[in-house]
Every structure is written in structure tokens, then in C-alpha cells.
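No hydrogens, no waters, no symmetry mates; every other heavy atom, side chains included, goes into these values. Here is how names work: the chains are called A, B, and so on, in the same order as the sequence lines, proteins then strands, and each is numbered from 1.
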There are 2 protein chains.
Amino acid sequence: MSEMIQHGRLLARGVARHLLGHDIVTLEEFVPARGLRVDLIGLTPKGEIWVVECKSCRADFMQDSKWQGYLEWCDRFFWAVDADFPVDLLPDDSGLILSDPYDAEILRMAPETPLAPARRRKLTQMFARHAAQRLHLLRDPDARRGFSVSL
Amino acid sequence: MSEMIQHGRLLARGVARHLLGHDIVTLEEFVPARGLRVDLIGLTPKGEIWVVECKSCRADFMQDSKWQGYLEWCDRFFWAVDADFPVDLLPDDSGLILSDPYDAEILRMAPETPLAPARRRKLTQMFARHAAQRLHLLRDPDARRGFSVSL
């Protein structure tokens with residue numbers, strides 16, 4: 001694993017811990033649609049879907065040509081970066097989270113762009129199936145046997 | 001853990017493996033409402049909610065005074081038992097799954113009693129939040145720190 005990816009994952013860990021403290025559950029590496037993979041997807045107690053992209057450095061952000069595609073798959077979109085990141089690079093109409101491997105803080109709340117009900121329903125179901133499948137394979141690795149679950 | 005509970009959990013494991021083979025993800029020990037705890041809740045690719053109660057023996061079934069309360073929390077309700085269980089005890093308008101610790105087989109499909117859309121939405125969201133929280137605490141036990149997530 002490259003150092004940049006490893007750094008991004010540690011930022012995601014801090015964000016996930018912080019969001020759990022706000023009663024928001026998360027999944028890492030979620031695929032809302034073919035060709036898209038978000039770093040962290042969150043589900044709030046009210047059923048809002050949040051997406052958080054974690055950027056370890058300027059190069060990590062500049063290489064990302066897909067992030068605008070994530071906007072239509074969430075109610076709120078955030079960047080998560082560490083204290084050394086040049087935040088002026090980031091669009092200021094997204095949310096902003098300051099993160100380290102152990103915790104995080106929401107510096108700027110993302111504006112709300114509500115999902116259509118049918119998409120929210122579909123995404124929530126995908127989230128549920130994805131989480132349960134990963135959990136199942138952790139608690140009973142022998143359940144795998146080549147099954148592939150659709151999300 | 002009593003032998004009866006341990007036996008029930010092994011039956012649940014076999015059922016969960018079998019359902020995963022049918023692309024149905026599951027969670028163990030799910031609480032749909034205060035005072036109710038189902039052995040296994042499943043979520044199908046179409047978004048149907050299944051509940052499976054695992055009974056290890058006659059006494060296990062006879063002690064269960066709550067199962068009728070589960071019917072209003074699922075689209076389909078099943079019993080799961082092993083080959084030694086006296087199946088004539090079970091109501092024949094429920095589904096029936098023959099299980100062992102390694103696999104299972106659906107002997108009788110449960111009739112469908114569709115959930116109201118609002119309840120299905122709420123249950124799917126609870127399922128998602130429950131699964132993600134359990135998964136999070138497995139992959140990052142230090143995330144716990146006394147947080148309690150509402151479902």
C-alpha cells in the first residue's frame with residue numbers, strides 16, 4: 001500500500017471515530033455506482049447520507065478527477081484533510097473536516113443537497129447489504145465459498 | 001452460554017450461510033423494537049425483510065412467548081430447526097428451514113405479508129446502522145469509547 005493511501009486511510013479512521021461520536025455510522029470504501037468508490041459513507045440517525053473524501057496531500061487531491069461524480073450520491077459532501085493540507089485548494093462549497101488518525105473535527109458543515117427519495121432508499125439498502133455482508137464474512141469467514149452478493 | 005443457546009446459534013450460522021448463497025444478507029440478534037430480539041434478520045436484494053427464529057428443541061420453542069410479536073416486523077417469517085426437531089409443533093403458516101451448523105435448506109417458503117413502506121424504510125435504516133456499527137467496532141475497537149448509537 002502506498003504511503004499516500006495509508007495516510008488517507010488513517011484520516012478516514014479518525015473521521016469515522018468522530019462521526020460515531022455524533023451517532024453517525026460509516027462504511028469505508030463504498031461503491032455507490034459502477035466506477036465510483038468513496039472513502040467513507042455515513043448514515044445519520046435521520047437517514048441522511050454523507051460522503052467524505054479523505055485527501056492526504058495536494059497530489060492526492062489533484063489526481064482525483066472523480067469527486068464531482070460523488071455529489072449526486074449523498075445529501076452532504078465533505079473533504080477530510082490533516083492540519084498540513086493547503087485547504088485553499090478545496091472548493092469552499094463543500095464541507096471540511098480536520099482529521100488525524102485518532103479523531104477529527106468538522107470545521108465547515110457541508111450544505112444539504114437532498115437526495116431524491118428513491119435514490120435514498122436504494123442507497124440505504126445498498127449500505128445495509130454491504131455492511132451486513134462484510135460483517136458476516138468477518139464473523140464467519142467460512143461463509144464465503146465463492147458467493148457474490150449484489151448491492 | 002447454555003447448551004440450548006449455543007445450539008441455536010449454530011443453527012443460525014448454518015441459516016446465515018445458506019441465505020448468503022441466495023444473495024440474502026443477515027444480521028444476528030437484531031432488536032426491531034423494545035423488548036423484541038430476533039435470532040436472524042435478513043435483507044433480500046429486492047429489499048424484503050425476513051425474520052428467522054432458530055429453535056434448538058421442543059423446550060426452546062415452548063418457552064418462546066414472543067414470536068407472534070415478530071410477525072409485524074418482517075415480510076416473511078421462518079422457523080429454523082434441526083433434523084431432530086418435532087416439526088409438527090410449529091405453525092404451518094410460517095416458513096420452515098432445516099438447518100445444521102454448516103448449511104441449511106428452505107423446506108417451506110414463508111407466505112409474504114408485506115410491510116408498510118414507512119416501516120420497511122425504518123427497518124432497513126435500522127438494519128444498516130446496526131450492521132455498520134458492529135462492523136466499525138470490529139475493525140476499530142478503539143472507536144468505542146462509550147459511544148452509544150441509536151438505531
Side-chain angles (χ1 to χ4, degrees), chain A residues 9-10 12-30 40-50 101-104 117-118 120-151, chain B residues 9-10 12-30 40-50 101-104 117-118 120-151:
Chain A
R9 292 208 172 151
L10 287 172
R13 189 180 78 177
V15 175
R17 288 184 184 181
H18 181 72
L19 293 183
L20 191 63
H22 284 288
D23 203 9
I24 298 167
V25 299
T26 54
L27 285 179
E28 294 179 350
E29 303 284 332
F30 180 81
L40 210 60
I41 185 166
L43 181 61
T44 75
K46 286 184 177 173
E48 261 190 26
I49 306 273
W50 291 14
Y102 305 100
D103 201 352
R120 181 191 313 283
R121 206 158 48 238
K122 176 68 181 158
L123 266 175
T124 305
Q125 185 182 315
M126 289 169 68
F127 184 112
R129 285 177 53 78
H130 194 105
Q133 184 196 11
R134 285 195 203 172
L135 178 65
H136 191 174
L137 297 178
L138 276 180
R139 75 172 196 259
D140 181 16
D142 290 337
R144 198 177 287 266
R145 297 187 301 186
F147 295 146
S148 164
V149 167
S150 59
L151 298 174
Chain B
R9 291 210 172 150
L10 287 171
R13 188 181 79 178
V15 174
R17 287 184 184 181
H18 181 73
L19 293 183
L20 191 64
H22 284 287
D23 203 7
I24 299 166
V25 298
T26 53
L27 285 178
E28 294 179 349
E29 304 283 334
F30 181 80
L40 211 59
I41 185 166
L43 181 61
T44 77
K46 287 183 176 175
E48 261 190 26
I49 306 272
W50 291 15
Y102 306 99
D103 201 352
R120 180 190 313 285
R121 205 157 50 236
K122 177 68 182 158
L123 267 175
T124 305
Q125 185 183 315
M126 288 169 68
F127 184 113
R129 286 177 53 79
H130 195 105
Q133 184 195 11
R134 285 196 204 172
L135 178 65
H136 190 174
L137 297 178
L138 277 180
R139 75 171 195 259
D140 180 15
D142 289 337
R144 197 178 290 265
R145 296 186 302 184
F147 295 146
S148 163
V149 167
S150 59
L151 299 172

For L10(A), all residues meeting side chain to side chain contact (heavy atoms under 4.5 Å, CB included), sequence neighbours excluded: Q6(A), R13(A), P101(A)
Who pairs with L138(A) by side chain to side chain contact (heavy atoms under 4.5 Å, CB included), at least two apart in sequence or on another chain? L135(B), L138(B)
Side chain from CB out, backbone as N, CA, C, O: work out which of these in [X] comes under 4.5 Å of a heavy atom of chain A, or both, or neither.
X	value
T44(B)	backbone
R120(B)	neither
I41(B)	neither

Side chains of P45(B) and Q125(A): closer than 4.5 Å at any heavy-atom pair? no
OH of Y102(B) to CG of D142(A), rounded to nearest 0.5 Å, is 9.5 Å
Any chance you could measure I24(A), atom CD1, to R129(B), atom CZ, to the nearest 0.5 Å? 8.0 Å
Taking R134(A) for its side chain and A131(B) for its backbone only, find out whether a donor-acceptor pair lies under 3.5 Å. no
Under 4.5 Å heavy-atom distance to chain B, tell me which part of I49(A) shows up: side chain, backbone, both or neither. neither
As a test of understanding, state which of V25(B), T26(B), L27(B) forms a side-chain contact (heavy atoms from CB on, under 4.5 Å) with H136(A). T26(B)
